[in-house]
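Contents: one structure, followed by commentary.
We use all heavy atoms of the structure for the numbers below, so side chains are in, but hydrogens, waters and symmetry mates are not. Note that this is a predicted model, so its numbers are computed, not measured. Naming convention: chains lettered A, B, ... in sequence-line order (proteins, then strands); numbering from 1 in each chain.
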Protein chains: 2
Amino acid sequence: MDFSGDGQLFLSTTINGIDAKGRVSVPAGFRAVVKNDPEEKIYVWPSFEGGYLEGGGQALLDRYLALLEEMDPYDDARAAFEQTIFGDTRGLAFDGTGRVTLPKDLIELAGLDGKAAFVGLGSRFEIWNPDRLAERKASARSFARDNKKSLKLPPRPGGGA
Amino acid sequence: MDFSGDGQLFLSTTINGIDAKGRVSVPAGFRAVVKNDPEEKIYVWPSFEGGYLEGGGQALLDRYLALLEEMDPYDDARAAFEQTIFGDTRGLAFDGTGRVTLPKDLIELAGLDGKAAFVGLGSRFEIWNPDRLAERKASARSFARDNKKSLKLPPRPGGGA
DNA sequence: TGGGATAACATGGGATTTCATGGGAAACAA
DNA sequence: TTGTTTCCCATGAAATCCCATGTTATCCCA
């Protein structure tokens with residue numbers, strides 16, 4: 001698949017506050033990614049593992065949709081994915097200053113308590129309780145360090161280094 | 001002869017100052033490499049080992065993204081790399097005079113104190129505290145000296161020495 | 001091949017804009 | 001009405017833009 005067209009990726013980790021109304025500022029860089037979507041929204045759903053949220057823009061939903069269309073209509077996995085991804089997905093619109101209101105059930109599901117960490121992962125992002133994220137990050141980092149040799153870059157299109 | 005501006009590769013080492021706002025001039029040759037990217041930015045993240053930063057242009061990011069997209073969606077390794085690479089990567093745009101602002105946490109992570117050494121490595125580059133870089137260079141050199149017997153050039157096609 | 005003119009580069013500081021966040025009014029639902 | 005959600009404005013902090021300046025590299029012409 002080719003992503004060089006949009007060139008806009010969810011990147012970096014930002015921690016923002018959640019106020020009493022459940023409002024949280026979406027990092028400006030993330031907003032820029034969905035800036036030109038037909039509906040200027042982000043879409044958020046509970047992760048499979050639980051404990052945090054996943055999200056993305058319209059482009060990501062379209063890709064998931066295309067993926068499911070290719071699966072057998074009576075595949076159990078398809079039904080499960082449909083149920084989990086689309087059934088629990090919320091489209092969240094921005095207010096005038098770039099915030100969204102996270103539904104209470106999602107806040108509880110992710111254990112968010114006044115703070116939310118937005119983690120950019122390229123074509124999608126995750127929303128974590130910052131403390132939980134720190135734990136996972138530590139283990140992810142040591143894993144990546146130990147296995148970095150398995151992450152071998154493919155040759156550049158033009159050849160060379 | 002100067003290759004640093006050929007618009008293809010990050011080359012040579014340049015030391016520039018970091019001012020009180022965290023701003024640092026990106027070497028002109030490095031800027032030329034990303035000149036025609038859709039987003040004229042450099043992308044910087046902490047190295048796996050820590051102690052210095054890695055960076056590149058949109059092209060490098062796309063290569064990492066393509067690599068990760070090929071992995072199993074719920075492979076632990078994929079999650080770890082995604083988290084470590086994209087979760088900590090910052091896209092840095094140039095100001096009118098070719099500078100970027102390094103985030104404070106990256107400055108601390110790399111131990112940068114008023115100076116930053118940009119080390120060109122072809123398709124990517126590294127950012128070091130100049131003193132640390134000198135140390136690493138020294139140890140790399142002695143390592144190479146101790147192991148020089150393993151560096152045996154293959155014979156030239158035409159024979160000769 | 002000088003040597004001055006010109007352009008490119010790195011750097012400094014102040015002004016301006018963007019961003020995240022808080023509070024309250026207005027619209028809506030139960 | 002009462003609680004909830006959406007919209008609008010205010011504010012402080014931080015990031016970004018803009019202009020000025022010294023310095024180095026490059027060009028051009030005699």
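- Taking the six-membered ring where the residue is Trp, A/Trp128 and A/Tyr52 present parallel rings, their angle staying beneath 30° rather than reaching 60°.
- Note: CD1 (B/Ile107) to P (D/dA15) measures 10 Å, nearest angstrom.
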Listed pairs, N/O of protein and of nucleotides 7-10 of chain D, under 3.5 Å:
unit_1: D/dC7; atom_1: N4; unit_2: A/Arg23; atom_2: NH1; d: 3.2

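- One finds a side-chain N or O of B/Arg31 lying less than 4.0 angstrom from the OP1 or OP2 phosphate oxygen of C/dA10.
- Following rounding to the nearest Å, A/Leu102 (CG) and C/dT21 (P) show an atom-to-atom distance of 13 Å.
- Remark: C1' of C/dG23 and CD1 of A/Ile18 are 18 Å apart, rounded to the nearest angstrom.
- Side-chain N or O atoms of A/Arg23 include none that pairs as donor or acceptor with a backbone N or O of A/Thr101 at under 3.5 Å.
- In this structure, A/Asn16 places its CG atom 17 Å from P of D/dA13, rounding to the nearest Å.
- Considering only heavy atoms from C-beta on, A/Leu133 comes within 4.5 Å of A/Thr13 through its side chain.
- The minimum heavy-atom distance linking B/Ala93 with B/Val100 is given by the pair O-CG1, 3.5 Å.
- Nucleic acid contact class of A/Val26 (heavy atoms, under 4.0 Å, all strands): sugar-phosphate only.
- When rounded to the nearest whole Å, the span between CG of A/Asp19 and C1' of D/dT6 equals 13 Å.
- Both A/Leu112 and A/Phe125 are part of a single hydrophobic cluster, where members link through side-chain heavy atoms under 4.5 Å apart.
- If you measure from atom CD of B/Glu40 to atom C1' of D/dC17, you get 16 Å, rounded to the nearest angstrom.
- Following rounding to the nearest Å, B/Arg90 (CZ) and D/dT16 (C1') show an atom-to-atom distance of 16 Å.
- The ring of A/Phe81 has its center closer than 6.0 angstrom to the ring center of A/Phe48.
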